[in-house]
Amino acid sequence: MANPSNPRIIRLEEGWNDEIKKKAIDVLEEMLDGGIKSGKSNMFGPREYVAIYTTCYDMCTQRSPYNWSRDLYLRHGETIERYLTITVLPALREKTGQGGTILLTELQHRWSNHQIMNKWLKKFFTYLDRYYVKHHSLPTLSQAGLRHFKTHVYDEMKRDTTAAILTLIDEEREGEIIDKTLVKSIVELYESMGMGTLDAYTADLEGPLLDSTREYYAKKRQEWIVSDSTPDYLIKAERALIEEKNRVADYLNPASESKLLRVCEEEILEKVEMVLLEKEGSGCRVLLANDKSEDLRRMFHLFSRLDKGLNPMADIVEKFISSMGNECIKKRQARLDGGEKDKNDDPKFVKSLIALHEKYLGVIKTDFSGHSLFQKALKDAFVEIVNKNVGAYTNAELMSTFCDRVLKSGGEKLSDSEVEDSLDRIVQLFSYLTDKDLFAEIYRNQLAKRLLNQRSASDDAEKVMIAKLKMQCGTHFTSKMEGMLSDLAVGSDQRSEFEAKMKQHDTKLDFSVQVLTTGFWPTYKSPEVALTPEMSKCMAVFKEWHDNKHAKRKLSWMFSLGNASVRAAFGKKSYDLQVTTLQAVALNALNGGKTMAFGELAEKLNLEEGILKPLMHSLSCGKYKVITKMPASNKINTSDKFVANSKFTCNMRKIRIPMASLDASHNTKRVEEDRSIAIEAAIVRIMKARKTLQHQQLIAEVLSQLAFFKPNPRVIKKRIEALIDREYLERSADNSNVYNYLA
């Protein structure tokens with residue numbers, strides 16, 4: 001044993017040949033070439049390893065010129081190079097051309113051996129890594145080993161191995177079973193060759209894989225598009241995308257997933273999207289028409305993967321819904337053309353629109369996940385459908401009348417929950433109307449009739465409907481309707497107080513009054529009819545009581561809205577006739593079997609011809625002819641004479657005799673006036689904020705601000721001219737197309 005104070009110098013060739021090469025490198029190569037013995041987990045025992053490590057350590061720590069660090073670092077590299085070029089490369093070259101799996105199996109074996117060799121050489125030469133490599137900023141022993149493998153093996157074999165991997169992947173795509181573990185291990189080799197990055201994997205495997213995938217699916221696309229229907233094609237496309245995703249999870253790098261799927265999407269979806277959507281017999285329209293929910297869901301999910309892939313699909317959905325809506329409109333037109341009477345009440349048509357909306361709202365929620373593009377498609381389609389009027393009555397009037405049927409007693413027979421559902425659905429349709437103000441005017445008139453004639457089925461339902469409209473359009477839209485309900489609530493308290501007062505007076509009539517606030521209720525014709533003395537007395541009592549209670553309020557009597565219960569005796573049988581105040585006065589005039597000519601009656605009652613004609617028509621030409629008209633006909637003439645019908649009989653004791661309304665369902669002139677005011681208010685608001693604005697910009701802003709109707713730009717121009725005349729605005733001196741606000 002050498003004396004520690006005077007250690008023996010180890011010469012380079014001696015240490016290398018006698019110790020390191022002989023006892024470590026040659027043994028290691030022999031083990032690798034002969035195959036590692038089974039059960040031998042550690043190739044070198046502790047004593048062998050320490051002896052070799054000590055030799056390397058001593059050779060690296062001797063003083064110069066006997067410090068062999070540099071030489072050992074170089075020989076470490078030369079050893080790996082020599083083994084790779086003499087042993088590994090020839091073995092791989094021999095396997096090239098024998099089949100992809102054989103070549104990849106050999107490469108896997110050689111790569112595994114190289115990792116073992118690299119590991120042990122690093123262990124033996126650890127001292128080099130710690131000091132020499134660090135001080136000279138050289139690649140570590142592991143990095144150097146990898147670089148040698150890359151330069152001498154990988155760079156030469158990568159083209160063949162990549163081709164072999166791609167062949168195996170194509171085989172798997174065709175349904176064959178491949179060795180995924182083998183492919184995964186080779187992919188890991190590619191990843192290692194990037195020296196800490198994925199550059200080698202990306203350039204040498206991923207790039208060719210994407211090209212190969214594009215080529216593979218381009219062929220599949222051409223086959224499928226010819227032979228398959230759209231649903232079948234999409235099933236295959238969906239399966240292909242799932243398989244590619246699984247392929248990445250099984251043996252490719254996760255970074256490839258998005259790129260690989262993008263190539264598939266481009267080839268099998270993007271390039272044939274319109275062909276698939278419009279395919280005859282199985283495209284999007286056909287799937288919608290046949291309620292193919294599952295196929296539509298798949299179509300939505302697949303095309304949602306593409307950038308703007310849903311836009312053409314949404315366009316088709318919009319056109320389809322529009323066409324279905326137009327079918328409903330055509331059916332209504334056909335019924336009218338076929339001789340059906342055109343009325344403002346067409347529940348069949350409104351229900352068909354509600355059903356259509358409900359159906360495709362459901363499709364969009366379930367099949368298209370409520371996507372905003374499809375919600376917009378539904379909205380645009382229904383804006384077109386709902387605003388397309390057929391016949392003499394607008395859809396706004398038909399929808400309002402449908403609400404009237406639902407809300408009035410004796411209309412639609414529905415439970416409370418069904419009433420609320422119907423109102424929900426009609427409000428959804430209402431949201432698409434451009435003439436919301438027209439709907440409001442008609443609805444308010446019909447609400448007034450229901451309330452004043454006690455025909456409302458439920459006060460709660462009325463409040464619910466108004467709340468829904470308020471949520472849709474705001475407080476301003478429903479304030480008058482809420483005022484009407486409020487009037488009736490307040491009026492009931494006052495009525496009970498007045499009834500107590502009436503008991504103090506000797507009147508032959510049960511008399512009650514409903515006080516309404518003028519601003520809330522529609523305007524009505526109010527003829528100054530000549531009342532009976534009993535009626536006039538009751539009115540005088542009420543006026544006195546009311547004036548004492550509300551000194552500053554002015555009362556105006558609306559006789560056309562009043563109603564009465566008249567006891568009538570025809571022969572031995574008596575009846576209770578439920579009539580309007582005007583009808584009651586007319587019946588009273590003919591009491592006792594008097595015969596009166598039209599002119600006499602008009603004079604006695606102080607009524608104009610236009611009011612007396614519908615009044616007498618209701619009593620003499622309706623279902624219950626309590627008055628006989630001479631000569632008999634279904635039309636009232638000024639030459640007619642009238643007498644009580646002594647032969648009148650009816651099975652019912654209580655009879656309601658309806659009378660045609662003296663007022664139109666809505667006042668078109670009033671709607672136009674309200675619109676003019678709204679347009680002018682919007683113009684002034686905008687100009688006050690902006691001070692100066694061009695004509696087109698002002699028109700655009702006014703249109704964007706008006707929520708309840710959509711005026712013609714020419715109407716807006718007229719309102720601008722009116723405001724200029726009234727000196728709210730002026731034209732710019734420099735440019736007549738520019739307006740200035742005048743404070």
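Being a predicted model, the structure only gives us computed values, none of them experimental. In this chain, numbering begins with 1 at the start of the sequence shown.
Phe642 and Ser620 get closest at one heavy-atom pair: CE2-OG, 4.1 Å. When all heavy atoms of Thr517 and Asp487 are compared, the closest pair comes out as N-OD2, 2.6 Å.
Comment: Arg335 engages Asp346 in a salt bridge, judged by a side-chain N to carboxylate O separation of less than 4.0 angstrom.
Scanning for salt bridge (charged side-chain N to carboxylate O under 4.0 Å, His left out) contacts around Lys468 gives Glu420, Asp424, with sequence neighbours left out.
A donor-acceptor contact shorter than 3.5 Å links the side chain of Thr394 to the backbone of Glu397. In this structure, the side chain of Asn445 does not engage the main chain of Pro522 through any donor-acceptor pair within 3.5 Å. Under the 3.5 Å distance criterion, the side-chain polar atoms of Asn637 are left unmatched by any main-chain donor or acceptor of Ser639. For His617 (side chain) and Asn634 (main-chain N/O), a donor-acceptor pair under 3.5 Å exists by modelled atom type.
Remark: Arg653 CZ is packed, more than 12 non-hydrogen atoms of other residues, nucleotides or ligands lying under 6.0 Å away. For Lys604, the NZ atom is loosely surrounded, since the number of other residues' heavy atoms within 6.0 Å does not exceed 12. By the neighbour-count criterion of 12 heavy atoms within 6.0 Å, atom CD of Glu608 is sparsely surrounded, having that number or fewer from other residues, nucleotides or ligands.
For the pair Lys388 and Asn326, the minimum side-chain heavy-atom distance is below 4.5 Å.
Because its NZ or CZ atom is not both nearer than 6.0 Å to the ring centre of Phe477 and within 45° of the ring axis, Arg444 does not count as a cation-pi partner of that residue.
Between Ser565 and Asp576, the side chains place no donor N or O within less than 3.5 Å of an acceptor N or O (distance only, hydrogens not considered).
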